[in-house]
There are 2 protein chains.
Amino acid sequence: MLSLAEENYLKSIYHLSDAGEKAVLTNELAEALNTKAASVTDMVKKLSTKEFISYEKYYGVKITSKGKSVALAVIRKHRLWETFLVQTLGFKWDEVHEVAEQLEHIKSTLLIEKIDEFLGYPQVDPHGDPIPNAQGKIKKLEKTALKNLTAGSESTIVAVKDSDSNLLKYLEKIGAKPGKKLTVISKEEYDGSLQVAIESQHYFISKEVSENILVTL
Amino acid sequence: MLSLAEENYLKSIYHLSDAGEKAVLTNELAEALNTKAASVTDMVKKLSTKEFISYEKYYGVKITSKGKSVALAVIRKHRLWETFLVQTLGFKWDEVHEVAEQLEHIKSTLLIEKIDEFLGYPQVDPHGDPIPNAQGKIKKLEKTALKNLTAGSESTIVAVKDSDSNLLKYLEKIGAKPGKKLTVISKEEYDGSLQVAIESQHYFISKEVSENILVTL
DNA sequence: CTACAAATTTAGACTTACCTAAAAAAATAT
DNA sequence: ATATTTTTTTAGGTAAGTCTAAATTTGTAG
């Protein structure tokens, strides 16, 4: 059985590698996990022996399919719990992350399947991120950052990055939730800021924020 | 912040001491926690320094009020989660214990208050055990083991001991749930076995089982 | 009340997951 | 192409929580 630390490493490696596409460097991982490079080296050696990743000294790690399926199971749990917290218990967006980080490590297949059933088999979590199924398959949609749109574009918000609580509060205030329609009214080329409409309200959005809102066309 | 191990020790000490009434011996604790006496000695020293218990060498430990409030918070979480698993997710009695043992350690006051609210502030868990409130107060009812009843007694089941999964399955089969009426039809003095009626069905119950069913008159 | 048994504690060790400091390798800059 | 910087690894250590084996204390039985 995997430890909490091992699960967190695999989850981070999965995310940082874009779902296993590219290798992940020691320092990236150290930063993501709030730990030191030396600790990462120790752990990746262990995960490598257990064949959840392949590790080549000085060249970073790649996640194996065995590792991927662990990561996806954890991500599935995280997203189902987030959905549960928001939809069923009425948590606010910005309150769920920390708790879901704990709940994602509860070991019980039955529990997570029951939660999935209870929620009616949702496809995406409250941030719009897709929820892997029990087999680890993800349905994915074409998404792009809001900052890539040009004036006049109409789009639907599909996700926001869920890491920063202040950002989430701000997005909540302007109603920037997954599912909402968003139209780009104008774009200032010199600083990348945008004027957008969400439900006929107009907002001024900085380039920074526009990098954290993902949309489909 | 208390570790998982510390929380488990305090919970066990609370239970074994009858809610803090009597001292708990090293070996009892070792047995309850599936560990060795030497490990218990180490941990009780630590908990004692932190003033969750008072510890006198060779004489066992007593839980302090500080320790009690930790234990009760954990027990509250355990029982609320069990209630949630059974009532909301449709778990069977005998499936909840293990999962609740994990969920009881999730750290989030908000979460447990929301669960409590969602469940409509239940007073007892699915085994009939009382759920402490947020302040750690327990409403208690007079209960006695079924084995103490005599022929002819009518009673209501209030609780069953939740430790043994086989026992729980058996009790489920005969419909011995909290809330059900139970009448003692006859009692065999030589082996302590009972004949009882639950919902007009008659069952033969061994002394052992009758020690694990708690009732009110 | 002494001797043996049972319970408990101490001593020393192990594992996991960290850490710091120093060494080594790789990347970069002149 | 060499020197410097950055990244990564190694070496050695720490804390939590566990263990076994030995020592000590307490309880018990003759």
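Throughout, a chain's letter reflects where its sequence line sits, starting with A, and its residues are numbered from 1. Since this is a predicted model, take the numbers as computed values, not measurements.
Taking the centre of each ring, B:Phe84 and A:Phe84 come in below the 6.0 Å mark.
Distance CG (A:Asn34) to C1' (C:dC18): 13 Å, rounded to an integer number of Å. With rounding to whole Å, A:Lys45 atom NZ is found 16 Å from C:dT15 atom C1'. D:dT26 atom P lies 14 Å from atom CG of B:Leu25, rounded to whole Å. Summarising the geometry, the separation between CG on A:Leu33 and C1' on C:dC19 is reported as 15 Å, rounded to the nearest angstrom. Whole-Å rounding puts the B:Asp42 CG to C:dA11 P distance at 11 Å. We find that NZ of B:Lys36 is positioned 17 Å from P of C:dC14, with the value rounded to whole Å. Computed from coordinates, the A:Met43 CE to C:dT16 C1' distance equals 8 Å when rounded to whole Å. Regarding B:Glu6, its CD atom lies at a distance of 12 Å from the C1' atom of D:dA15, rounded to whole Å.
The phosphate of D:dT6 has neither OP1 nor OP2 within less than 4.0 Å of any side-chain N or O from A:Asn27. Phosphate proximity of C:dT10 to B:Thr41: absent, as no side-chain N or O sits under 4.0 Å from OP1 or OP2. Using a 4.0 Å cut-off, no side-chain N or O of B:Tyr9 falls inside it from OP1 or OP2 of D:dA16. Residue B:Ser39 places at least one side-chain N or O closer than 4.0 Å to OP1 or OP2 of D:dC19. A:Tyr55 has no side-chain polar atom (N or O) that falls below the 4.0 Å cut-off from OP1 or OP2 of D:dT8.
Counting heavy atoms from C-beta on, the side chains of B:Leu103 and B:Lys77 never come closer than 4.5 Å.
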Just list the side-chain donor-acceptor pairs under 3.5 Å for residues 15-22 of chain A, sequence neighbours left out, or say none.
residue : atom : partner : partner atom : Å
A:Ser17 : OG   : A:Ile13 : O            : 2.9
A:Ser17 : OG   : A:Tyr14 : O            : 3.0
A:Ser17 : OG   : A:Gly20 : N            : 2.7

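Every residue two or more places apart in sequence or in another chain that forms a side chain to side chain contact (heavy atoms under 4.5 Å, CB included) with A:Lys36 is listed here: A:Ser39.
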Considering only nitrogen or oxygen atoms on both sides, find all protein atoms under 3.5 Å from nucleotides 21-27 of chain C and state each distance.
residue : atom : partner : partner atom : Å
C:dA25  : O4'  : A:Tyr58 : OH           : 3.4

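A:Leu47 approaches A:Tyr9 most closely through the heavy-atom pair CD1-CB, 3.6 Å. The minimum heavy-atom distance linking A:Gln135 with A:Asn133 is given by the pair N-OD1, 2.8 Å. A:Trp93 approaches A:Ala176 most closely through the heavy-atom pair CH2-O, 3.4 Å.
Residue-level contact check: A:Ala5 touches the backbone only, with heavy atoms under 4.0 Å from sugar-phosphate atoms and none from bases.
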